Amino acid sequence: MKVGILGGGQLGRMLLQAAANYVVETFVLENDDNCPAAHLCHHFTKGDITDFETVYNFGKGLDAITIEIESVNVDALEKLELQGVKVFPKPAAIRTIKNKVVQKEFYQTHQIPTSEFVITESLQDLQKHIDFLPAVHKIGQGGYDGKGVTVIDTPQDIEKGFDTHAVLEKKVKIKKEIAIIVAMNDKGETAIYPPAEMIFDPVWNLLDYQLSPAILPEQILWKAEAIAVRVVKELKSPGLFAIELFVDINDEVLVNETAPRVHNSGHHTIEANYSSQYDMLWRIMLGFPLGNTDAILPSAIVNILGADGYSGNAKYEGLEEILSMDNVFVHLYGKTQTKPGRKMGHVTIIHKDYQDLTYKANKIKHLLKVIA
Ligand code: ADP
């Protein structure tokens, strides 16, 4: 089979690493010919994943196509789908998810628990919703990694809002942030990964470190799993999905957002679960049985981010020491240039003991530094 990936970042790179275990010819479309996935595929095409003609021409000779980012040209994917190219996930699902306003409306329509929201078109519009505060304002389309998301606690914060099509969500009193990856094949069969629990860096608003399986009371776990599976069933699309959820202070479970693709919250599945999220997506696309999602051992992920104050040719400090630690797996994404907060790689730690995981995660965070 010939399978294409739209986007050539680290998710595409790890997807290609898993592809090497199967009989598949891989194609990548991305604007930067030195991107993380460029040198691991059979065929690289330099081009814009948001451009109709580029995506259509890239996809028309392929058997299947997938994405590693939502900001792709969905019209082209729809045309390809009509012409018999299998698209994972279905273009309709990408369209629903791609715009945060449409995504919230989807949850509402299908009675999937999510924070209350109003839609705003401008800052002037936002002014009318002072009663709704504290809230979180999210740009409809084009936001990524915390950009395009701003907290509006007081009327004074309104000027930080977005002067465009956006959604204003009630601010959830969060106890825990978790993510559940759900895989669905062509037959509608599903497989659920154990949830991961995220801890965020307040400065960069990027994932700080993550533990999996999340430690949750059984009742909350069941609720979260049921909601995550419903999201995927209602999207009515085969593929691999990451559902980000909030557990609030009253133990209610709410969907924050869904990613219709392999996801940062599933990096640990490479070493910590029998079938990784990347392996799973290939199984789905190549028509093989779903894999085993069970955790082999608990795990932690530490993101390797570009250090503050350094931009330029990346240099990794502390790598030797980290590589001498037991059950620690380093993944560098092959990005030559670093800048503050840039995702340069991640480290996975596996251990039966959560205390050991947290200890090592913190140690790694302090030892490893990406400078220039
Ligand atoms: P992105 O798609 O850029 O990752 P998210 O929608 O996931 O943005 O929001 C980023 C972070 O902001 C979340 O992980 C969470 O910590 C916080 N957040 C988002 N929405 C809400 C909300 N309704 N209430 C409270 N915190 C929120």
Side-chain angles (χ1 to χ4, degrees), residues 7 9-11 67-72 93-94 96-108 112-120 126 129 131-154 157-158 160-162 164-181 195-212 214 224 227-228 231 241-267 301 303 305 341-343 346:
Q10 58 267 18
L11 293 164
I67 60 167
E68 60 115 53
I69 183 166
E70 292 85 323
S71 56
V72 296
I94 305 176
T96 300
I97 285 171
K98 190 175 165 177
N99 186 313
K100 290 200 179 201
V101 179
V102 181
Q103 196 184 137
K104 284 294 267 189
E105 288 173 327
F106 163 83
Y107 300 135
Q108 192 176 50
I112 290 163
T114 192
S115 59
E116 212 186 308
F117 66 96
V118 289
I119 297 164
T120 60
L126 191 55
H129 299 291
D131 291 347
F132 200 75
L133 306 184
V136 180
H137 204 210
K138 299 183 182 180
I139 205 161
Q141 213 156 302
Y144 203 67
D145 276 345
K147 296 172 196 82
V149 175
T150 186
V151 178
I152 316 267
D153 278 325
T154 64
D157 293 334
I158 284 185
K160 292 193 298 182
F162 303 106
T164 180
H165 191 54
V167 56
L168 186 70
E169 302 179 7
K170 279 266 192 236
K171 190 171 168 183
V172 177
K173 295 199 175 85
I174 301 171
K175 190 194 268 180
K176 269 187 189 197
E177 288 197 42
I178 59 173
I180 298 186
I181 293 174
E197 179 176 342
M198 359 275 271
I199 293 122
F200 285 88
D201 181 326
V203 179
W204 294 110
N205 207 10
L206 280 169
L207 181 62
D208 196 29
Y209 74 95
Q210 178 187 296
L211 291 173
S212 181
I227 292 169
V231 170
F241 300 83
I243 297 91
E244 296 180 20
L245 303 143
F246 298 135
V247 179
D248 78 3
I249 52 164
N250 301 316
D251 285 344
E252 285 307 315
V253 180
L254 302 166
V255 175
N256 173 30
E257 61 173 359
T258 301
R261 52 168 170 79
V262 288
H263 192 246
N264 306 314
S265 66
H267 290 333
I301 304 174
N303 275 324
L305 306 179
R342 189 171 194 205
K343 288 182 189 167
H346 74 265

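Just follow the structure's listing: the first ligand is 1, and inside any ligand the first atom is 1. On a predicted model such as this, the values are computed, not experimentally measured, just so you know.
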dist I227:CD1 -> I243:CD1 (nearest 0.5 Å) comes out at 10.5 Å
Should one rank E257, E70, H137 by closest heavy-atom distance to atom 1 (P) of ligand 1, which comes out on top?
E257
Which option, K138, E244, K100, owns the non-hydrogen atom nearest atom 8 (O) of ligand 1?
K100
Which ligand 1 atoms are under 4.0 Å away from a heavy-atom of V172?
22 (C), 23 (N), 24 (N), 25 (C)
Yes or no: does K170 have any heavy atom under 4.0 Å from an atom of ligand 1?
yes
To which of D248, V151, I174 does the heavy atom nearest atom 26 (N) of ligand 1 belong?
I174
Can you tell me how far the CD atom of E169 sits from the CD atom of E257, to the nearest 0.5 Å?
8.5 Å
So for ligand 1, is V136 a polar contact partner (N or O within less than 3.5 Å, distance only)?
no
Checking heavy-atom distances from atom 15 (C) of ligand 1 to each of K147, K173, E177, the winner is E177
With heavy atoms only and a cut-off of under 4.0 Å, state how V149 meets ligand 1: side chain, backbone, both or neither.
side chain
Could you report the tightest heavy-atom contact between V172 and S115, atom names first, then the distance?
CG2-CB, 3.7 Å
Is the NZ or CZ atom of K170 both under 6.0 Å from the centre of the six-membered ring of F132 and within 45° of that ring's axis?
yes
How long is the span from the CD1 atom in I94 to the CD1 atom in I67, to the nearest 0.5 Å?
4.0 Å
Is there a polar contact between ligand 1 and K171, counting only N or O atoms under 3.5 Å apart?
no
Without hydrogens or angle criteria, can the side chains of E244 and H263 be said to hold a donor-acceptor pair below 3.5 Å?
yes
Once rounded to the nearest 0.5 Å, what's the spacing between atom NZ of K176 and atom CG of D251?
10.0 Å
